[in-house]
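Naming convention: chains lettered A, B, ... in sequence-line order (proteins, then strands); numbering from 1 in each chain. Both backbone and side-chain heavy atoms feed into the values below; hydrogens, waters and symmetry mates do not.
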There are 2 protein chains.
Amino acid sequence: MEGIERSRKRSRQREEILAVLRSTKEHPTAAMLHTAARRRIPRLSLGTVYRNLDVLEEMGLVLHIRNGNAQDRFDGDVSPHYHFVCDACGAVLDMPLPYRPELDEAAAREGFRVRGHRLDFHGTCPACSKP
Amino acid sequence: MEGIERSRKRSRQREEILAVLRSTKEHPTAAMLHTAARRRIPRLSLGTVYRNLDVLEEMGLVLHIRNGNAQDRFDGDVSPHYHFVCDACGAVLDMPLPYRPELDEAAAREGFRVRGHRLDFHGTCPACSKP
DNA sequence: GTAGTTGCAAACATTTTGCGTTGTT
DNA sequence: AACAACGCAAAATGTTTGCAACTAC
């Protein structure tokens, strides 16, 4: 018993949110996206931002980076990659290291059915390291 | 300019919360700890659980696993180790793989000041994999 | 006696949802 | 015409905090 197909209709709001997300490397929060997208769609509501981020995630166009107490972040780059989180300022940066499938293989050897992994480095980002 | 020293007084609540946390491998949420610890301290409040988890984390006795929208989890095992998160039931299990310092070294070579990393595998846990 | 700790309840911050309306197909 | 998506505001969720009473030292 599969879920029924869901036909999507396009909307200016969804396209604008995706465009903003793809135009930045900052891994913005929902609130940041709301602020940015409202420059072009002033009546855009925050609820619509959240709803569309869900839809875009389901479509595989957006990565939802869940972060505990801090606000969640969103990433328009859906290729497998790692992040660096700054302990000082909270920024999320891309980490230019290749994905390591051997980690998944090692985990699978322990008897887990593994789909993938998430790897976040933490420390002090270049900007915050400056004296 | 460092923060001033803070003298701690012991409390039954804090000891009970730590005892519960150390007695399980389930990486409980604050609410689970509240429920469990109330078996012995019926008037224990959820606020006290959160306050003590903060204190215990600051003391280095507890690991706070921040998880985005899902409730945060807590771990009485503070040695560096990895987790497996089940996509189906949400359980958090320990992953018996050694910590890989070479990942931090690779990240440091990219110019980051790295303190460590967090690695979560995801997939289907043994219990949910059973037919 | 001093200052950390508690229970309680109210406050917070973020995310989700219900509803009547609008827009896309 | 059907129904996805909208804006808005209210609700839900998880966590934090103010305060007066209590407790360890």
Enquirer: Who passes ring pair (Phe, Tyr, Trp, His ring centres under 6.0 Å) against B:His122, sequence neighbours left out?
Expert: none
Enquirer: Could you check which residues of residues 13-23 of chain A get a heavy atom under 4.0 Å from DNA chain C? Sort them by number, please.
Expert: none
Enquirer: Taking atom C1' of C:dT14 as reference, at what distance in whole Å does atom CD of B:Gln71 sit?
Expert: 14 Å
Enquirer: Mind checking what makes ring pair (Phe, Tyr, Trp, His ring centres under 6.0 Å) contact with A:Tyr82, not counting sequence neighbours?
Expert: A:Tyr99, A:His117
Enquirer: Using whole Å, what does the distance between atom C1' of nucleotide D:dA4 and atom CE of A:Met59 come to?
Expert: 11 Å
Enquirer: If I take atom CG in residue A:Leu56 and atom C1' in nucleotide D:dA5, what distance separates them, rounded to the nearest angstrom?
Expert: 13 Å
Enquirer: Mind checking salt bridge (charged side-chain N to carboxylate O under 4.0 Å, His left out) for B:Glu15 and listing every partner two or more places apart, or none if nothing turns up?
Expert: B:Arg10
Enquirer: Give every residue pair that meets the salt bridge (Lys or Arg N to Asp or Glu O under 4.0 Å) criterion with at least one member in residues 117-127 of chain A, sequence neighbours excluded.
Expert: A:Arg118-A:Asp120
Enquirer: If the sugar-phosphate is the primed atoms plus P, OP1 and OP2 and the base is the rest, what is the B/S/- string for nucleotides 20-25 of chain D, using protein heavy atoms under 4.0 Å?
Expert: ----BS
Enquirer: What residues form a side-chain contact (heavy atoms from CB on, under 4.5 Å) with A:Arg43, not counting sequence neighbours?
Expert: none
Enquirer: A:Asp72 has an atom CG; how far is it from atom P of C:dA13, in whole Å?
Expert: 17 Å
Enquirer: Check side-chain contact (heavy atoms from CB on, under 4.5 Å) between B:Thr24 and all other residues, then give those that pass, not counting sequence neighbours.
Expert: B:Glu26, B:Pro28
Enquirer: Do the side-chain N and O atoms of B:His27 and B:Asp94 include a donor-acceptor pair separated by under 3.5 angstrom?
Expert: yes
Enquirer: Find the distance B:His34:NE2 to D:dG14:C1' and express it as a whole number of Å.
Expert: 14 Å
Enquirer: Any ring-ring contact (aromatic ring centres under 6.0 Å, His included) pairs touching residues 28-48 of chain A, not counting sequence neighbours?
Expert: none
Enquirer: Just the rounded figure in Å: distance from C1' of D:dG14 to CG of B:Leu53.
Expert: 13 Å
Enquirer: Test: ring-ring contact (aromatic ring centres under 6.0 Å, His included). Region: residues 36-57 of chain B. Which pairs qualify, not counting sequence neighbours?
Expert: none
Enquirer: Checking B:Glu102 now: which residues fulfil salt bridge (charged side-chain N to carboxylate O under 4.0 Å, His left out) with it, not counting sequence neighbours?
Expert: B:Arg100
Enquirer: Between C:dT14 atom C1' and A:His64 atom NE2, what is the distance in whole Å?
Expert: 11 Å
Enquirer: Just wondering, more than 12 heavy atoms not from A:Arg8 lying within 6.0 Å of its CZ?
Expert: yes
Enquirer: What integer distance in Å separates A:Asp54:CG from C:dT14:C1'?
Expert: 13 Å
Enquirer: List in numerical order all residues of residues 39-52 of chain B for which some heavy atom is under 4.0 Å away from an atom belonging to DNA chain C.
Expert: B:Arg43, B:Leu44, B:Ser45, B:Thr48, B:Arg51, B:Asn52
